[in-house]
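These notes are about the structure you will find just below.
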Amino acid sequence: MNSKLYTTNLLKTAIITLLTTTTLYAQNKPSRTHIGLIYPLSSNGRHAPLDSNTFSFNLLAGVSAAEDGFTLAGLTNIIHHTSKGVQIAGLSNHISQNAEGLRVAGLMNLTGESHGLSVAGLLNKSNDMKGAQAAGFMNLAQNSTGFQVAGFLNKSKNISSQIAGFANIADSVKNVQVAGFLNKSRNTTSQIAGFMNIAKKVKGVQVAAFMNIADSSDYPIGLINLIKNGEKSIAITVDDNLTTMLTFRSGGRILYGIIGAGYNFKNDKEVYAFEAGFGAHVYTSQAFRLNLELTAASLSKNFKNGEYFKSSFKILPAFRVNQHLEVFGGPTFNYVNTNTAEGRKLTEKFISKWDNKDNNRLQGIYAGYTAGVQYIF
C-alpha cells in the first residue's frame, strides 16, 4: 500500500473517531463539560460560545462563554466573559472580562481583569491586575495591587513591585522596582537598576550602577545623582601621596556619589588618577558638616602595564565659607594593592602589610589624610 495514502486514511480515521466520540459524548455528557477538537467540532458544537463549563479540553482551540474549573487547549482558549480556576494553553489564553485563578500560556495571556497568577512565555496583558504577572518578555497592566516579573519589560500605571531583566515603567510603585538597565516611575519607595533610575519622588533608596535622576531622593546610591532638591559640587582634593583630583559630587540630603580624575605629582610614570565612590552627610549644621566617604582609586601610566589600586574610608569635617564655598579635610584609612615599583614607594609606613616577592605584589593597610575645597551649586 502507498505510504502516503496509508497516512491520509489513518488521519481521516482519527478525525472520524474523534467526531464520533464527541457526538456520542454530547448526547450523554455530564453538565458543564466540554471536549472537542476545534470550534465548532466539539461536544458543545456551535452553541459553545454561549456555554459555561467546569471542565474543558480541546485538542486545538476551545471557545466558551465562561469557565470556572479546569480548561486545557493545545493552542488557545477563547473565553468571552469570565474564568475561574486554571486555564492552560499551548499558545494563548484570551479572556474578555474577569479572570480568577491561574493562567498558563506558551505565548501570551490577554485578560480584561486579572486576579491571581498569569504566566506566559512572551506576554501578559491586563487592564486591572490583582496578584502577579510573570512573562518571558513583557507584562502590561493598568491599575495593579500585585507585582510583575518579566525577562525584558514591565509597564503599569500603579503597581506594588516590578522586576525586569531590562526595564520597569510605572506611574506609582508602592514597594520596589528592580531592573537590569532602567527603572522609571513618578512616585516610588525604592529603585534598583543596573544602569539608571528615573523618578519624581523617592521615599527610600535609589541604587544604580551609573545614574539616579529624581526631584526628591534623600538616599541615592550612584556615581552621578541628579536630584532636583539635592546638592551638586565640583571639588579639588589632594591626599598624602600628592594625588590631586578634580571630582564631581552629587546626591540628595543624605547620600551622594563621587567621580573624578586627576594627576599624581609624586610619581614619574604612574601619574594618571581616577576615583569613584559614595559619601554620606552624617551631621549637618549651618556652617559645619561631617561627611563619611568610601572611595576606590587607581593610578596608571598607559592603562595596560602595572596596577595600583587604593580603597579608602574617609572622615571629612567640612566648613562652609559661604553659600557656595566649602573647605574640608581629615584622616583616611586605606587599603593598597600594587605590583609596580612606584606604587610600592608611595607609602612608607603601614599599619599592616603583605609583601609577596614572587609576583612583586604589595598589599597593605595604612592611615593617611586628604583635604580639599569645593564649589556647591
Side-chain angles (χ1 to χ4, degrees), residues 219 221-223 231 233-251 254-285 287-301 303 306-321 325-376:
Y219 305 97
I221 302 175
L223 295 180
E231 180 181 288
S233 68
I234 300 292
I236 297 176
T237 65
V238 62
D239 68 7
D240 52 281
N241 292 326
L242 297 184
T243 300
T244 302
M245 291 278 192
L246 179 66
T247 58
F248 175 65
R249 286 168 168 77
S250 59
I254 306 296
L255 300 182
Y256 58 91
I258 306 163
I259 188 169
Y263 193 89
N264 182 277
F265 289 94
K266 196 172 181 179
N267 287 344
D268 293 325
K269 297 179 180 179
E270 287 90 18
V271 295
Y272 299 109
F274 298 91
E275 182 180 56
F278 309 97
H281 306 299
V282 296
Y283 176 80
T284 301
S285 66
F288 173 79
R289 292 196 297 190
L290 178 61
N291 302 322
L292 302 180
E293 294 184 353
L294 185 63
T295 62
S298 66
L299 293 175
S300 176
K301 174 185 176 182
F303 310 105
E307 299 175 355
Y308 179 90
F309 299 105
K310 182 173 74 171
S311 300
S312 302
F313 175 69
K314 305 174 182 179
I315 303 173
L316 302 176
F319 300 89
R320 186 70 64 93
V321 178
L325 192 63
E326 186 177 74
V327 295
F328 58 90
T332 64
F333 298 91
N334 312 278
Y335 164 77
V336 172
N337 188 329
T338 183
N339 64 356
T340 69
E342 288 188 336
R344 297 172 69 91
K345 294 178 181 180
L346 277 179
T347 303
E348 296 180 355
K349 296 181 179 181
F350 286 90
I351 298 173
S352 181
K353 70 176 181 179
W354 306 268
D355 197 349
N356 191 330
K357 301 295 185 181
D358 294 335
N359 58 10
N360 198 37
R361 183 168 296 278
L362 172 67
Q363 300 178 68
I365 299 172
Y366 78 95
Y369 64 86
T370 190
V373 58
Q374 66 178 349
Y375 177 79
I376 302 170

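Computed over heavy atoms, backbone and side chain alike; hydrogens, waters and symmetry mates excluded. Just so it is clear, the model here is predicted, and its values are computed rather than measured.
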* Sequence neighbours excluded, which residues qualify as side-chain hydrogen bond (donor to acceptor under 3.5 Å, both in side chains) partners of N334? -> S312, T332
* Flag the pair H281 / N291 as yes when at least one side-chain heavy-atom distance between them is below 4.5 Å, and no otherwise. => yes
* Heavy-atom pair with the smallest gap, counting every atom of N241 and L346 -> OD1-O, 3.1 Å
* Asked: Which atom names give the shortest non-hydrogen contact between L223 and A276, and what distance separates them?
  -> CD2-CB, 3.7 Å
* **Side-chain donor/acceptor of N267 to backbone N/O of K269, under 3.5 Å** => no
* What do you reckon, are the aromatic ring centroids of Y263 and F265 less than 6.0 Å apart? -> yes
* To do: Take K310 and D239 through the test side-chain contact (heavy atoms from CB on, under 4.5 Å) and record every step on the way to the result.
  => CA-CA 12 Å; K310 182 173 74 171; D239 68 7; 2.8 Å; yes
* To do: Look at atom CD1 of I236 and say whether more than 12 heavy atoms of other residues, nucleotides or ligands are closer to it than 6.0 Å.
  => no
* **I315 vs L292 side-chain heavy atoms within contact, under 4.5 Å** => yes
* Asked: Would you find a donor on one side and an acceptor on the other, under 3.5 Å apart, between the side chain of E342 and the backbone of E270?
  -> yes
* Look up atom CG in D355 and atom CG in N360, then write down how far apart they are to the nearest 0.5 Å. => 7.5 Å
* When you look at V238 and Y369, which way does the side-chain contact (heavy atoms from CB on, under 4.5 Å) test go after all the steps? -> CA-CA 9 Å; V238 62; Y369 64 86; 5.9 Å; no
* By ring-ring contact (aromatic ring centres under 6.0 Å, His included), which residues pair with Y283, not counting sequence neighbours? -> none
* To do: Would you name the heavy atoms of M245 and G262 that are closest together and state the gap between them?
  => SD-N, 3.7 Å
* Carboxylate-amine/guanidinium contact E275 K314, below 4.0 Å -> yes
* To do: Work out which heavy atom in G222 is nearest to a heavy atom in F278; give both atom names and the distance.
  => N-CE2, 3.6 Å
* Going by heavy atoms in the side chains, are L316 and T370 under 4.5 Å from each other? -> yes
* Looking at residues at least two apart in the chain, or sitting in another chain, which of them share a side chain to side chain contact (heavy atoms under 4.5 Å, CB included) with P317? -> F288, L290, F319
* **Within residues 287-297 or reaching into it, pairs that qualify as salt bridge (charged side-chain N to carboxylate O under 4.0 Å, His left out) - sequence neighbours excluded** => E231-R289, R249-E293, R289-E326
* Does the S298 side chain pair with the main chain of Y308, one donor and one acceptor, at a distance under 3.5 Å? -> no
* To do: Side-chain contact test, heavy atoms from C-beta onward, threshold under 4.5 Å: evaluate it for I376 versus R320 and give yes or no.
  => yes
* Asked: How many angstroms lie between CG in L362 and CZ in F350, if you round to the nearest 0.5 Å?
  -> 4.5 Å
* To do: Count the heavy atoms of every other residue, nucleotide or ligand shown that sit under 6.0 Å from NZ of K345, and state whether that count exceeds 12.
  => no
* Structure fact -> Here the pair of heavy atoms bringing R344 nearest to R361 is NH1-C, 3.9 Å
* To do: Would you confirm whether T338, through its side chain, and E307, through its main-chain N or O, come within 3.5 Å as a donor-acceptor pair?
  => yes
* Structure fact -> For Y335, the side-chain hydrogen bond (donor to acceptor under 3.5 Å, both in side chains) test, sequence neighbours excluded, returns N337, Q363
* **Those residues that, when tested against F248, pass ring-ring contact (aromatic ring centres under 6.0 Å, His included) (two or more places apart)** => none
* Do you know the tightest heavy-atom contact between A273 and T243? -> CB-CG2, 3.7 Å
